[in-house]
Amino acid sequence: MPIVSAALFKHPTTTRCFRSTSIVGVGLLRTFTYRHTYKINQVSFSNSIPSSYYCCATLSTTMEEVKPAFDTDEAAVLVNRLRKTFNSGKTKSYEWRISQLESISKMVDEKEKQIIKALHEDLSKPELEAYLSEILMVKSSCTLALKELKQWMMPKKAETSLATYPSSAEIVSEPLGVVLVISTWNYPFSLSLEPVIGAIAAGNAVVLKPSEIAPATSSLLSRLLGEYMDQSAIIVVEGAVAETSALLEQKWDKIFFTGGARVGRIVMAAAAKNLTPVTLELGGKCPAIVDSNVNLQIASRRIVAGKWVCNNGQACIGVDYIITTKEFAPKLIEALVSVVEEIFGKDPMESKERSRIINSFHFLRLVNLLDEDKVSNKIVYGGQRDGSQLQIAPTILLDVPEDSLIMQEEIFGPLLPIMTVERLEDGFAMINRKPKPLAAYLFSDDEHIKREFVQNVYAGGMAINDTILQVTVTSLPFGGVGESGMGSYHGKFSFDAFSHKKAVLYRSFAGDSPTRYPPYTPGKQKQIKALLSGNIFKIILALLGWFKD
């Protein structure tokens with residue numbers, strides 16, 4: 001389990017510690033927290049945050065731990081109850097699936113203001129951003145599933161061969177069973193419900209574990225799903241590491257996790273004990289290569305939208321860094337600054353159009369990235385920060401060292417390094433030197449560069465001449481590769497992620513050939529080889545019984 005950190009308790013501008021019911025478990029950016037109650041008498045803080053832990057606070061006295069309300073035994077009871085529901089066949093019916101999807105759609109419509117309020121409490125999300133990125137995404141997913149579910153559920157015909165003639169075959173989508181969805185904090189509403197929609201559409205019983213780092217949304221999800229959904233098959237479990245650990249001790253038919261790679265490894269290790277399949281939606285350093293032949297104003301707007309408008313940089317598919325040529329970099333920086341000030345004003349710190357950093361732990365982590373000795377003198381725009389408001393200004397850095405923390409770790413905040421190369425194609429190698437990202441972006445009008453980028457850059461997904469929008473195309477799978485995850489979802493891919501594709505072959509009692517059964521005489525062997533040869537002339541001869549012993 002992750003190491004305990006006390007950074008969450010330290011107010012950014014004071015040395016005072018707060019009593020809290022949660023302590024951050026160190027991991028990557030979307031990690032678990034303990035829900036236990038602790039008494040902390042003294043905490044000492046270091047001036048720097050090591051890259052492997054992000055915090056080196058030490059607890060100088062013992063901590064009194066209160067047993068969590070939800071433990072392994074209760075988790076086992078919960079899973080057994082859901083398994084009874086699933087085994088009854090209730091969740092497999094088309095009518096049940098439709099009713100639950102309609103309930104989610106109704107819930108979102110009726111509780112829109114409460115959802116927006118919770119998102120503002122957790123992240124200070126502007127109302128329109130909350131609607132577009134959270135509420136509308138869920139509504140769109142529901143609408144699509146309601147429209148297409150009957151088609152998705154229908155068995156798909158499959159071709160058969162002469163070896164099984166006469167026969168027919170089909171692929172039947174069946175639910176996996178009882179599934180666990182562990183969601184994250186940066187889009188705490190949509191990233192919780194989108195996989196749940198897929199799991200319900202596929203006919204599963206579901207446990208949702210929302211992120212405790214977004215407590216207002218977590219609490220709201222627990223209350224609303226308890227009110228609108230079938231509690232015999234769809235349950236929300238709130239909590240932190242202790243509760244998540246209790247859930248991971250159980251045998252599931254699928255685990256769907258959204259978060260960081262460090263915790264993803266913990267989830268995958270727990271799943272391996274029961275050979276449970278997993279979908280891991282992680283993250284990574286998503287690059288954007290910018291050519292000099294672009295429409296600079298439009299490209300800059302789309303980059304700003306994919307960085308600072310998008311949850312203030314706290315997005316797994318947001319632009320993490322830019323690669324461009326040395327010659328073009330000054331023009332690009334000027335254009336980006338112009339768009340930032342056009343959108344957020346001359347003093348972006350005063351803007352109400354930006355979300356805040358989620359908590360003081362992540363604020364201090366970002367400050368540490370910015371204040372590293374070999375990075376702090378690379379700031380060309382921004383850099384202001386306000387710990388009391390958990391805000392850091394949109395910040396652009398130029399040519400930071402590749403071995404700096406900011407270029408080694410997923411930034412997940414409003415800091416944007418720009419790296420320069422002599423030739424644009426050199427940027428491909430820079431990207432491929434790092435773990436495969438969740439998304440990669442290219443801005444260019446050069447068809448050759450586009451082809452080279454698609455063929456030679458490895459990433460979970462791509463967008464050419466835009467950012468972020470690829471996730472809105474439901475006919476495209478959304479998911480990572482390597483360090484950025486495994487498996488995919490969105491649209492029908494969500495249904496498929498929670499379904500088993502069962503192969504079914506149908507035969508009649510007619511057409512039973514003795515050739516199939518021993519003893520395999522020389523004549524039979526010739527017939528079998530002819531049937532399997534693919535040569536139509538030999539097949540006809542075999543069917544006519546030409547080959548004799």
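All heavy atoms count here, side chains included; hydrogens, waters and symmetry mates do not.
Heavy atoms from other residues, nucleotides or ligands lying under 6.0 Å from NZ of K156 number more than 12.
Here the side chain of K492 pairs no donor or acceptor atom with the backbone of W152 at under 3.5 angstrom. Remark: the backbone N or O of I411 is paired with a side-chain donor or acceptor of R365 at under 3.5 angstrom. Under the 3.5 Å distance criterion, the side-chain polar atoms of R302 are left unmatched by any main-chain donor or acceptor of V304. Looking only at distances, a side-chain donor or acceptor of T472 sits under 3.5 Å from a matching main-chain atom of L469. With hydrogens and angles ignored, the 3.5 Å screen pairs no side-chain donor or acceptor of S338 with any backbone N or O of E334. Judged purely by atom type and a 3.5 angstrom limit, N293 uses its side chain to pair as donor or acceptor with the backbone of D445. Of the possible donor and acceptor atoms, one in the side chain of N204 sits under 3.5 Å from a partner among the backbone N and O of L176. Listed for the S140 side chain is a donor-acceptor partner under 3.5 Å among the backbone atoms of L136.
Between H490 and F478, the ring-plane angle classifies as parallel under the 30° and 60° cut-offs.
The structure places CD1 of I182 at 14.0 Å from CG of L191, a figure rounded to the nearest 0.5 Å. Atom-to-atom distance recorded for L416:CG and L336:CG is 7.0 Å, nearest 0.5 angstrom. The NZ atom of K209 lies 13.5 Å from the CD1 atom of I255; values are rounded to the nearest 0.5 Å. In this structure, the separation between OG1 on T217 and CG on L221 is 6.5 Å, given to the nearest 0.5 Å.
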Using the side chain to side chain donor-acceptor pair (under 3.5 Å) rule, take T258 and E281 through it: C-alpha gap first, then chi angles, then the decisive distance, then the call.
CA-CA 5 Å; T258 304; E281 294 298 337; over 6 Å; no
side-chain contact (heavy atoms from CB on, under 4.5 Å), that's the test. Do V380 and L397 meet it? Break it down for me.
CA-CA 5 Å; V380 295; L397 307 97; 5.9 Å; no
Just do the side chain to side chain donor-acceptor pair (under 3.5 Å) check on E238 and S218 with the steps written out, would you?
CA-CA 7 Å; E238 289 193 87; S218 176; 2.8 Å; yes
So D386 and S388, side chain to side chain donor-acceptor pair (under 3.5 Å) or not? Walk me through it.
CA-CA 6 Å; D386 182 349; S388 65; 2.6 Å; yes
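In this structure, the side chain to side chain contact (heavy atoms under 4.5 Å, CB included) partners of D347, at least two apart in sequence or on a different chain, are M349, E350. N377 meets the side chain to side chain contact (heavy atoms under 4.5 Å, CB included) test with no other residue; sequence neighbours excluded.
Ion pairing between a basic and an acidic side chain is recognised when a charged N comes within 4.0 Å of a carboxylate O; K117 and E121 show such pairing. Ionic pairing of D371 and R385 is present here: one or more N-O contacts between side-chain nitrogen and carboxylate oxygen are shorter than 4.0 angstrom.
Tested against N312, the residues E353, K307, R354, E129 include a single side-chain hydrogen bond (donor to acceptor under 3.5 Å, both in side chains) partner, R354. Put simply, the residue from W185, F361, F363 that forms a ring-ring contact (aromatic ring centres under 6.0 Å, His included) with F412 is W185.
Under the 6.0 Å distance and 45° angle rule, K106 does not count as a cation-pi partner of Y228.
For F256 and F498, the ring centers sit closer than 6.0 Å to each other.
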